[in-house]
Amino acid sequence: MRITVAEAKAHLNIGFDDDDTLIGGLLSAATTHAERYLRRDFAVDYPDGLPAPIRTAILQHVAAMFRDREATQEGPLTEPPLMWKDLLSSYRVFS
């Protein structure tokens with residue numbers, strides 16, 4: 001089961017619908033990024049739902065992208081949160 005926009009909004013503590021399209025796009029990007037990093041197809045490998053660490057990593061990535069969504073900002077652009085890789089590392093396929 002994929003993470004829904006409603007779940008992402010709950011994680012972000014957002015109670016309005018103005019940014020639903022943006023959040024949906026960020027959620028899609030974060031999910032695709034996690035799939036590619038792990039070298040997995042979530043629909044095939046986890047048909048009954050994502051493990052909690054993967055869900056948490058995706059939600060953290062969405063939160064970071066939502067926070068830093070402007071095209072310009074002062075200081076360096078950030079990567080996904082450091083804990084992101086820690087949460088995903090045990091699920092990564094190396095073959």
Side-chain angles (χ1 to χ4, degrees):
M1 183 171 126
R2 290 209 176 260
I3 300 170
T4 65
V5 170
E7 290 175 276
K9 286 172 60 176
H11 179 78
L12 295 166
N13 198 27
I14 294 175
F16 52 87
D17 299 332
D18 297 357
D19 292 326
D20 283 8
T21 301
L22 171 65
I23 293 167
L26 296 175
L27 185 55
S28 177
T31 300
T32 299
H33 188 187
E35 282 181 313
R36 289 186 178 167
Y37 176 77
L38 295 175
R39 300 182 182 115
R40 293 185 176 273
D41 179 341
F42 292 161
V44 172
D45 295 336
Y46 303 111
D48 297 326
L50 294 172
I54 294 175
R55 294 179 76 78
T56 300
I58 291 169
L59 289 169
Q60 286 180 342
H61 197 171
V62 168
M65 289 190 294
F66 186 80
R67 180 191 64 232
D68 297 330
R69 66 189 176 274
E70 297 299 322
T72 60
Q73 68 179 39
E74 295 198 18
L77 294 174
T78 59
E79 290 186 29
L82 292 177
M83 195 184 324
W84 185 83
K85 284 186 179 177
D86 293 334
L87 288 166
L88 295 178
S89 64
S90 64
Y91 297 92
R92 194 166 189 202
V93 175
F94 288 98
S95 55

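All residue numbers in this chain count up from 1 along the given sequence.
- When all heavy atoms are compared, the tightest approach of Ala30 to Met65 is CB-CE, 3.7 Å.
- At least one side-chain heavy atom of Leu50 sits less than 4.5 Å from a side-chain heavy atom of Ile58.
- The shortest non-hydrogen separation linking Arg40 to Tyr91 is NE-O, 2.5 Å.
- Residues passing the side chain to side chain contact (heavy atoms under 4.5 Å, CB included) test with Asp20 are Val5, Lys9, Asp17, sequence neighbours excluded.
- When the side chains of ILVMFWY residues are joined at heavy-atom separations under 4.5 Å, either directly or via intervening members, Val62 and Phe16 end up in a single hydrophobic cluster.
- We find the CG-CD1 distance between Leu59 and Ile3 to be 4.5 Å, quoted to the nearest 0.5 Å.
- Using a 4.5 Å heavy-atom threshold, the side chains of Ile54 and Leu38 count as touching.
- Rounding to the nearest 0.5 Å places OG1 of Thr4 at 12.0 Å from CZ of Arg2.
- Minimum interatomic distance between Asp19 and Phe66 (heavy atoms only, all atoms of both residues): OD2-CZ, 3.6 Å.
- Evaluation of the ring pair (Phe, Tyr, Trp, His ring centres under 6.0 Å) rule for Tyr37 yields Trp84 as partners, not counting sequence neighbours.
- Rounding to the nearest 0.5 Å gives a distance of 13.5 Å between NE2 of His33 and CG of Leu26.
- Panel note: side chain Ser28, backbone Gly24; no donor-acceptor pair is recorded below 3.5 Å.
- Distance alone, capped at 3.5 Å, places no donor-acceptor pair between the Thr32 side chain and the Ala29 backbone.
- Rounding to the nearest 0.5 angstrom, the gap separating the CD1 atom in Ile23 from the NE2 atom in His11 is 11.0 Å.
- Taking CZ of Arg92 as the reference point, atom NZ of Lys85 lies at 7.5 Å (rounded to 0.5 Å).
- Around the CG atom of Asp41, the shell of radius 6.0 Å holds more than 12 heavy atoms that belong to other residues, nucleotides or ligands.
- To the nearest 0.5 angstrom, Met83 atom CE is 5.0 Å from Gln60 atom CD.
- Closest of all the heavy-atom pairs between Leu12 and Ala63 is CD2-CA, 3.5 Å.
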